[in-house]
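A quick write-up on the structure given underneath.
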Number of protein chains: 2
Amino acid sequence: MASMNDIARRAGVSIATVSRVLNNSGSVNEATRARILKAIKDLKYQPSRVAKRLRSKSVSSNLLGVLIPDIQNPFYVDVLRGIEDIAYTNNYAIIMCNYSQDEKKEKLYLEILQSEAIDGLIAAPANEQDVQLKKMVREGLPVVCVDRGLQDEDVDIVVVDNREGAFKAVEHLIKLGRRRIAYISGLQTIPSSRYREKGYLDALSSYQIPVVPELIKHGDSKYEGGLVLCEELLNLPEPPDAVFTGNNLITLGALESIHKHQLRIPDDIAIVGFDDMIWSSSLNPSLTAVRQPAYDIGQRACELLLQRISEPGRACIKMILKTELIVRRST
Amino acid sequence: MASMNDIARRAGVSIATVSRVLNNSGSVNEATRARILKAIKDLKYQPSRVAKRLRSKSVSSNLLGVLIPDIQNPFYVDVLRGIEDIAYTNNYAIIMCNYSQDEKKEKLYLEILQSEAIDGLIAAPANEQDVQLKKMVREGLPVVCVDRGLQDEDVDIVVVDNREGAFKAVEHLIKLGRRRIAYISGLQTIPSSRYREKGYLDALSSYQIPVVPELIKHGDSKYEGGLVLCEELLNLPEPPDAVFTGNNLITLGALESIHKHQLRIPDDIAIVGFDDMIWSSSLNPSLTAVRQPAYDIGQRACELLLQRISEPGRACIKMILKTELIVRRST
DNA sequence: TTTTATAATGAAAACGTTATCATGAAATCC
DNA sequence: GGATTTCATGATAACGTTTTCATTATAAAA
């Protein structure tokens, strides 16, 4: 690969001048510029992003980091797509790290991202008091949190109103006459899981429905978790007549379990899930779900990040997007 | 962030010695080593991957590129997970580029990857004669292709037997008595689409079933494509009694369309899709599908890549994995 | 004409590594 | 006891950029 040096030599100038035309900074004679431009074309010169990155923190190397908990979850895929679309149109590349809900892996990836000298980071940390991430924020790395925040740390954040979304879902079930409503939660370390639980509890109490502890299950935010926890619920002496699931993978696991038990949805048991998916209407039966604007979350987050990169001093923004209850045949 | 220089200063040695203990190369006095190690710990030193990368192509900078056509497709997500797991255990980070089936975007990403000085690349190129990718291969970048190859270029490749997979799917439909079997294809520029079509045609001819051109639809490998093309099929004066869909997004689109028409599956129309998904059994009805070992594909590909990086000269390997027909209720 | 801007360019430092060479001291060999 | 090897270390070039400073030549101002 041709370097600036090659260009300089071929055009008979110094690399300084080449740099000047490359970044059109400073003034350079038209003839020289033309000569350099030609050399660049001839040698198919491509600047080394690595060298750029090394050279100066000040100049943007156009690389963003994205740290997500679970690439298998379509929600994060959509967030990622949103991020990526904005990044792409602004000429940023992204280095994507999926820590699979493994905090050790998360730590390693944060180290790597730091050592790759990224310009900024969009992260959904494993938990709210992630010391390493906090440190990076404090050291001045532009960071935007998505889906979950960072306790006691002033940082841009894009989330949805999880409590309200859950409330609407459960309220919907109640209004349909359901009384034994179960909740299958994701990881309790994740704030959104707790907010969703809060929404669930608030809805029950709003309608004076007693909370039955054995109807609340805490799992791991994954398909298998949804499967086994729903299994437990269905094996209860007095099984629930409705279940509210904490995220889309849990929902799919729960569906699997209900089908295994040959129960009719919604006759025997109703189900409403957090997170809508493109194929939710093709599920058996089509799924009532709380839709998060995942793609938007990604876009907003990336916009905020680019803003912060160009204006590091600006005040932090906490963006709370709305959820939407989409009623289909499962309730 | 502390640099080697800071360490050297604090330990009262030169950076050369620091480098030596860091890479334990050369010999260094035990006492000095201890002093340096302490300094490293004290200053929380982290090597700059960027500087490493810049310094020498020879030493591995532990960064891989992954170029995929469509992150929305769960198949590629699984491939990605396979890649990532192997990369992670071998201490590689990955820079993930999703070109969304947009060749312009693909080109840009290839440039970026090159200029990021990655150690190797796993790619599913938009088409088999991708000149840019070919050039990169020829220039010595270790590359492994997944899901699709590169024409006239000797390169490692991991694919499944698409023709056979499609054949089995269609044969299954035929054996169930279906005769008007439609095929909704993905992008024809993608080899796998063509191989799947070949399998479809081979199966028909094996059982002396005439090919009906209007039952073969070519689309864009996306959800919307599946939706509108299936729509067209169902609006035919003589609609099909079965449909074989070319990938998972197409399948979901087709399902949506069939449901819209209020047709019963499989009574009115049977459907079998290429690509199984974790929630395929939760679809309405549970879906008969050709399963690709996506996660394995990713793992194998990454293993091949790491091999090639450490041994650039070794002969190219073409790995063809088996598909599996999973029969459920949609047929 | 002398001074002063301005335009056009180059030299060189810096970023954080790795790797080569050089140097001195201690240890081993014959 | 001189020659040679081994150990321990440092200086420095190189990777490919950006940026600061210096230098010349020319144009404008006095």
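All chains are named by letter (A, B, ...) in the order of the sequence lines, taking the proteins before the strands, and each is independently numbered beginning at 1. What you see below is based on every heavy atom in this structure, not just the backbone, and it leaves out hydrogens, waters and symmetry mates. This is a predicted model, so every value here is computed, not measured.
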[N] phosphate, OP1 or OP2, under 4.0 Å from [X] side-chain N/O:
X       : N      : answer
A:Asn23 : D:dT18 : yes
B:Thr17 : D:dT9  : no
A:Ser14 : C:dG10 : yes

Please report the distance, rounded to the nearest Å, between [atom1] in [X] and [atom2] in [N].
X       : N      : atom1 : atom2 : answer
B:Gln46 : C:dC15 : CD    : P     : 19 Å
B:Arg33 : D:dT9  : CZ    : P     : 10 Å
A:Leu22 : D:dT18 : CG    : P     : 6 Å
A:Leu43 : D:dG16 : CG    : C1'   : 15 Å
B:Leu54 : C:dC15 : CG    : P     : 14 Å
B:Ile15 : C:dC21 : CD1   : P     : 17 Å
A:Met4  : D:dA14 : CE    : P     : 17 Å
B:Asn24 : C:dT18 : CG    : P     : 12 Å

If each of B:Ala51 and B:Thr32 is mapped to the nucleotide of DNA chain D with the nearest heavy atom, which maps nearer the 5' terminus, i.e. the 5' end? B:Thr32
A side-chain contact here means heavy atoms from C-beta on lying under 4.5 Å apart; do A:Gln101 and A:Leu187 qualify?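 Sidechains of A:Leu187 and A:Gln101: in contact.
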Output the distance between atom OG (A:Ser192) and atom CG (A:Asp147), rounded to the nearest 0.5 Å. 4.5 Å
B:Ser27 has a side chain; which of C:dG16, D:dC7, C:dT18 sits nearest to it?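 For the B:Ser27 side chain, the nearest candidate turns out to be D:dC7.
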Pair of N/O donor and acceptor under 3.5 Å linking C:dT17 base with B:Arg55 side chain: no
On the side chain of A:Arg20, is there an atom forming a donor-acceptor pair with the base of C:dG10 - under 3.5 Å, no angle test? yes
Give B:Val50 one of three labels, base, sugar-phosphate or nothing, depending on what nucleic acid heavy atoms sit under 4.0 Å from its own. nothing
Just by distance, do the side chain of B:Lys222 and the backbone of B:Gly186 share a donor-acceptor pair under 3.5 Å? no
Among B:Gln307, B:Arg314, B:Arg300, exactly one meets side chain to side chain donor-acceptor pair (under 3.5 Å) together with B:Asp156. Which residue is that?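 Only one of B:Gln307, B:Arg314, B:Arg300 forms a side chain to side chain donor-acceptor pair (under 3.5 Å) with B:Asp156, namely B:Arg314.
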If you apply the rule salt bridge (Lys or Arg N to Asp or Glu O under 4.0 Å), what do you find for B:Asp42 with B:Lys38, and how did you get there? CA-CA 6 Å; B:Asp42 289 351; B:Lys38 176 146 186 346; 2.8 Å; yes
